[in-house]
Amino acid sequence: MLDSQLHFLLLRCYHNSARLIAQRTQALGLLSGQPKILECLRESDGRTPKEMGRKCGLDKSTITSLLGKMEHQGLIRRETHATDKRSVRIYLTEEGKEKAQQVEKICLEVDRRALEAFSPEEREELLGSLRNVLGALEGISNA
């Protein structure tokens, strides 16, 4: 019965995907949550902590803690906005860019394994459906 409920299937998929990614990224010296931030910055370097929290689904205190650790590890650098000293943008260092590239390879391999039974058309249909689900759920949470 639970296997016919969307929320349960999504949770199980997330749990298994996150576990596989965590196992592989821990070998790179990354903590839980850091791969998401690296991916987020690789997609668009120079985001604010608030933007990253929204994109990654992490709260302010978690982002603050992870960024502090990542800065200490030499993966990111913070730059204060030229005219607004309260605004900070986060950028990948060269080491951070290398780790982000390794994380991307790991995540793409996990995705490949998850989707290997699907045809290319079925993959696109599934991803489109998941984007629709995400849009609907984000619309509810922002209402």
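What you see below is based on every heavy atom in this structure, not just the backbone, and it leaves out hydrogens, waters and symmetry mates.
The two residues L38 and A100 make their nearest non-hydrogen contact at O-CB, 3.8 Å. Across C107 and I21, no two heavy atoms sit closer than the pair SG-CD1, 3.8 Å. The heavy-atom pair separating V110 from S17 by the smallest distance is CG1-OG, 3.9 Å. Shortest non-hydrogen contact noted between L58 and G33 is CD1-O, 4.5 Å. The shortest non-hydrogen separation linking G46 to L41 is N-CD2, 4.1 Å.
Listed by first and then second residue, the salt bridge (Lys or Arg N to Asp or Glu O under 4.0 Å) pairs involving residues 66-77 are E71-R78, R77-E79 (not counting sequence neighbours). Applying the side-chain hydrogen bond (donor to acceptor under 3.5 Å, both in side chains) definition to pairs two or more places apart or across chains, none involves residues 126-137. The stretch residues 30-45 participates, sequence neighbours left out, in these salt bridge (Lys or Arg N to Asp or Glu O under 4.0 Å) pairs: R42-E104, E43-R47, E43-K55.
Note that the CD atom of Q73 and the CD atom of Q34 stand 4.5 Å from one another [nearest 0.5 Å]. For the atom pair OG (S44) and CD1 (I90), the distance works out to 12.5 Å, reported to the nearest 0.5 Å. To the nearest 0.5 Å, the span separating CG on L11 from CG on N16 amounts to 11.0 Å. Atoms CD and CD, on E95 and E98 in that order, are 7.0 Å from each other to the nearest 0.5 Å. Between atom CG of residue L20 and atom CD1 of residue I106 there is a gap of 11.0 Å, rounded to the nearest 0.5 Å. Rounded to the nearest 0.5 Å, atoms CE (M52) and NZ (K60) are 13.0 Å apart.
Placement of L92 and V88 within a single hydrophobic cluster is found when ILVMFWY residues are connected by side-chain heavy-atom separations under 4.5 Å, directly or transitively. Hydrophobic clustering (side-chain heavy atoms under 4.5 Å, transitive across Ile, Leu, Val, Met, Phe, Trp, Tyr) groups I76 together with L28. I140 is connected to L6 through a chain of hydrophobic side-chain contacts under 4.5 Å among Ile, Leu, Val, Met, Phe, Trp and Tyr, so both are in one cluster. Linking ILVMFWY residues whenever their side-chain heavy atoms come closer than 4.5 Å, directly or via other members, leaves L31 and L67 in distinct clusters. Linking Ile, Leu, Val, Met, Phe, Trp and Tyr whenever their side-chain heavy atoms come within less than 4.5 Å leaves L127 and L108 in two separate clusters.
In the displayed structure, H7 atom NE2 is contacted under 6.0 Å by more than 12 heavy atoms of other residues, nucleotides or ligands. Residue E125 qualifies as open at atom CD: its count of foreign heavy atoms under 6.0 Å is 12 or below.
Under the 3.5 Å distance criterion, the side-chain polar atoms of T93 are matched with a main-chain donor or acceptor of L75. S65 contributes no side-chain N or O that, together with a main-chain N or O of T62, makes up a donor-acceptor pair within less than 3.5 Å. Between the T25 side chain and the L30 main chain, no donor and acceptor come within less than 3.5 Å of each other.
A salt bridge does not link E51 with R54: every distance from a Lys NZ or Arg NE/NH1/NH2 to an Asp or Glu carboxylate oxygen is 4.0 Å or more.
Scored by the salt bridge (Lys or Arg N to Asp or Glu O under 4.0 Å) test, D3 finds R12 as partners (sequence neighbours excluded). In this view, K50 satisfies the salt bridge (Lys or Arg N to Asp or Glu O under 4.0 Å) rule with no residue, not counting sequence neighbours.
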If you look only at distance, which donor and acceptor atoms sit under 3.5 Å apart when one is on a side chain in residues 115-122 and the other is two or more places apart or in another chain?
{"residue": "E116", "atom": "OE1", "partner": "R112", "partner atom": "NH1", "Å": "3.4"}
{"residue": "S119", "atom": "OG", "partner": "E121", "partner atom": "OE1", "Å": "3.3"}
{"residue": "S119", "atom": "OG", "partner": "E122", "partner atom": "N", "Å": "3.1"}
{"residue": "S119", "atom": "OG", "partner": "E122", "partner atom": "OE1", "Å": "3.4"}
{"residue": "E122", "atom": "OE1", "partner": "S119", "partner atom": "N", "Å": "2.8"}

